Every structure is written in structure tokens, then in C-alpha cells.
Peer 1: 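One structure follows; several queries about it will come next.
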Amino acid sequence: AKENGRNDYHQYTSDIDQQALHRLKLHHELMKALQNNEFLLHYQPQYDLATGRIVGMEALVRWHHPTRGLVPPGEFIPAAEDSGIIVPLGEWVLEEACRQNKEWQEAGLAPIPVSVNLSVRQFSRRDLIGKIAGVLEATGLDPKYLELEITESMTMDVERATSFLEQLARLGVGISIDDFGTGYSSFHYLRNFPIGCLKIDRSFVRDIQQDPSDAAIVAAIIAMAHNLQLQVIAEGVETIEQVRFLRKHGCDEMQGYYGSPPLPKAGIESLLYRNSQP
Ligand code: C2E
Ligand code: CA
Ligand code: CA
Ligand code: CA
């Protein structure tokens with residue numbers, strides 16, 4: 001038994017070493033990827049449920065890995081958060097999304113806001129407001145065409161979040177709460193934060209047809225958001241039945257595969273071009 005315990009112990013440490021090594025390697029790779037410009041953005045359109053027009057788009061980062069091909073964010077965002085690389089990466093995403101949106105506007109496409117995801121690591125940096133103001137200045141994008149997506153967990157430190165969100169609102173940038181319903185939320189704070197939009201998490205939308213409690217929750221979030229003068233957008237919309245349900249309950253916008261998956265530059269451009277025709 002003693003022998004066994006020892007073996008287990010060695011087994012255990014070597015697993016930990018393997019994991020640590022793997023993490024270290026990934027951190028190093030991510031740093032190099034940033035230097036080598038291997039990241040790119042895809043854009044997922046957001047549709048007005050009443051008119052069917054595209055009224056916004058979310059920028060979603062991808063890693064064009066030299067050997068693995070296109071890597072989805074689920075496979076590197078956690079490591080980027082962990083290593084802190086999310087901070088310079090997030091700045092790159094912000095700048096690229098603003099630059100691209102401005103370029104589309106200058107090419108004559110109908111102007112719409114671009115949404116950018118903020119990581120909690122970025123959110124806790126003192127210089128973030130200055131960085132955002134700098135990016136808007138450098139790219140010349142009107143702040144009303146930038147929206148930042150934060151999650152409920154970032155609003156836990158109420159004083160910090162309030163001051164930060166007020167500074168953002170003063171810049172003229174839009175603020176959305178991402179994955180709404182999955183985290184900590186307080187209706188009191190919701191009322192006091194300068195937020196423009198709630199994004200109903202995909203996990204509630206997925207089963208609205210089959211699960212009466214999910215249907216009730218989605219209907220309640222829409223009604224509550226409207227009572228608080230907030231816009232609501234449903235995420236992960238995949239079927240016409242979900243669209244009908246959301247329309248019936250007065251949801252403002254939808255984002256999901258039913259409309260379109262996230263698209264590379266050329267793909268979103270052709271949608272935006274069509275969307276710009278009268
Ligand atoms: P998210 O912010 O909730 O983004 C929406 C995710 O849902 C995207 O996954 C999108 O492709 C996926 N999605 C959209 N419509 C549907 C649908 O109808 N059905 C299903 N099953 N999925 C749908 P993606 O692009 O893999 O991104 C995953 C997550 O990675 C994002 O979740 C976000 O948390 C994070 N992420 C992506 N880009 C960035 C970024 O630039 N910065 C930060 N901090 N996080 C990012
Ligand atoms: Ca919007
Ligand atoms: Ca998001
Ligand atoms: Ca989301």
C-alpha cells in the first residue's frame with residue numbers, strides 16, 4: 001500500500017507538471033501570436049426583430065494558428081485571461097473593431113454599432129477608460145458606434161463598477177450586460193448603472209419551446225428590461241419558433257445562427273452592403 005501511495009504521488013506531481021508545462025507553452029504561444037498578428041475578428045450580426053434589419057454586430061476574436069488553423073476563443077481565452085495576455089489582446093480587439101467599423105462607414109455602409117467583449121482583467125485596470133478614449137480618438141469612430149459588453153460578475157464591486165460605467169457613459173459609449181441571467185445580478189444595481197442593453201443568455205433561449213420555466217424567464221427579462229428603459233437582445237437564436245416567441249414578447253433584437261453565424265470580414269461586408277440598400 002505504501003509503495004502504491006508513492007506511485008500515486010509521483011503520478012500526481014507529474015500530471016501537475018504536465019498541466020503547468022502545457023499552460024506555460026500556451027502562454028508563450030499566445031504572446032508570440034499577438035506579436036505575429038495571428039488574431040483576427042469575426043462579426044456576428046444583430047437583427048431588429050420588428051424590421052429584420054441588421055442594427056449591430058458583435059466582434060468575436062479568432063486565432064489563426066499556423067498549424068492548427070482557426071482556433072475558437074473557448075480554446076484560448078481562458079489561458080489568455082490566466083496569463084494576463086487578455087489585456088493587450090483585448091486592446092487589439094478594441095482597436096481593430098473600431099478601425100474596421102470606421103472603415104466600413106467611410107466606404108458608405110449604413111453606420112451601426114460594433115460590440116466588443118471586455119474581460120474582467122481589462123475591467124479592473126485603472127487605465128482602461130483612457131485606453132478606450134485613445135482608441136476612439138485614433139480611429140475617429142463616433143463613440144455611439146461602440147458598445148462594450150460586460151458580465152454581471154464585473155459589477156460585484158459596486159462602487160468601482162458604478163464609477164467606471166459612469167465614465168464610460170460620459171464618453172458616449174454604449175454598455176450591455178452579456179450572458180444576462182447566468183451570474184450575480186441585483187435589480188437595484190441594474191437600475192442605477194448606466195446600462196443600455198441586456199443580452200439574454202443563450203442557455204435561456206435554447207429551450208423556450210420545450211421548457212415553460214425558461215419561457216417564463218425570458219418573457220420576464222424582456223418585460224423587466226423594458227420597464228427599466230433598457231433594450232433587450234436574445235442570444236443564441238437558432239429557430240423560427242424562437243423568433244416568433246421573442247417577437248410576441250416584444251424582444252428588441254436577436255443574435256444567433258438563425259440570423260447568421262459570426263462571419264469573416266468578406267462575409268459580414270456583403271451582409272452589411274445588402275443591409276445598406278434602401
Ligand atoms: P459570447 O460573448 O457569449 O459570444 C457569443 C458566442 O455564442 C460566440 O461564440 C458565438 O459564435 C456563439 N453563438 C452565436 N450564435 C449562436 C447560436 O445560435 N447557437 C450557438 N450554439 N452558439 C452561438 P465564440 O465566438 O466561440 O465566443 C465564445 C466566447 O468567447 C464569447 O462568448 C466571449 O465570452 C469570448 N470572446 C470572444 N471574443 C472575445 C474577445 O474579443 N474578448 C473577450 N474578452 N472575450 C471574447
Ligand atoms: Ca444595439
Ligand atoms: Ca458577448
Ligand atoms: Ca453572451
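As the structure is a prediction and not an experimental result, all values here were calculated from the model. When a ligand or atom number is given, it counts from 1 through the structure's own listing order.
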Peer 1: Could you list the donor-acceptor pairs under 3.5 angstrom formed between side-chain atoms of residues 83-91 and any protein atom two or more places apart in sequence or on another chain?
Peer 2:
unit_1: Ser83; atom_1: OG; unit_2: Ala79; atom_2: O; d: 2.8
unit_1: Ser83; atom_1: OG; unit_2: Ala80; atom_2: O; d: 3.3
unit_1: Ser83; atom_1: OG; unit_2: Ile85; atom_2: N; d: 3.4
unit_1: Glu91; atom_1: OE2; unit_2: Lys131; atom_2: NZ; d: 3.3

Peer 1: Extract all donor-acceptor atom pairs below 3.5 Å that involve side chains of residues 113-121 and protein atoms in other chains or at least two apart in sequence.
Peer 2:
unit_1: Asn117; atom_1: ND2; unit_2: Glu58; atom_2: OE2; d: 2.8
unit_1: Ser119; atom_1: OG; unit_2: Glu81; atom_2: OE1; d: 3.3
unit_1: Ser119; atom_1: OG; unit_2: Arg121; atom_2: N; d: 2.9
unit_1: Arg121; atom_1: NH1; unit_2: Glu81; atom_2: O; d: 2.9

Peer 1: At a cut-off of 3.0 Å, what protein N/O/S atoms sit near the Ca ion (ligand 3)?
Peer 2: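 Atoms qualifying: Glu58 OE2, Asn117 OD1, Glu149 OE1, Asp178 OD2.
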
Peer 1: Do Lys265 and Glu269 meet the salt-bridge criterion of a basic N to acidic O distance under 4.0 Å?
Peer 2: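 The answer is yes: the pair qualifies as a salt bridge.
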
Peer 1: For Arg160, does the CZ atom sit with more than 12 other heavy atoms under 6.0 Å from it, leaving out its own atoms?
Peer 2: yes

Peer 1: Taking everything shown except Lys248 itself, do over 12 heavy atoms lie less than 6.0 Å from its NZ?
Peer 2: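 Counting other residues, nucleotides and ligands, NZ of Lys248 stays at 12 neighbours or fewer.
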
Peer 1: Tell me, please, which residues at least two apart from Glu152 pass salt bridge (Lys or Arg N to Asp or Glu O under 4.0 Å).
Peer 2: none

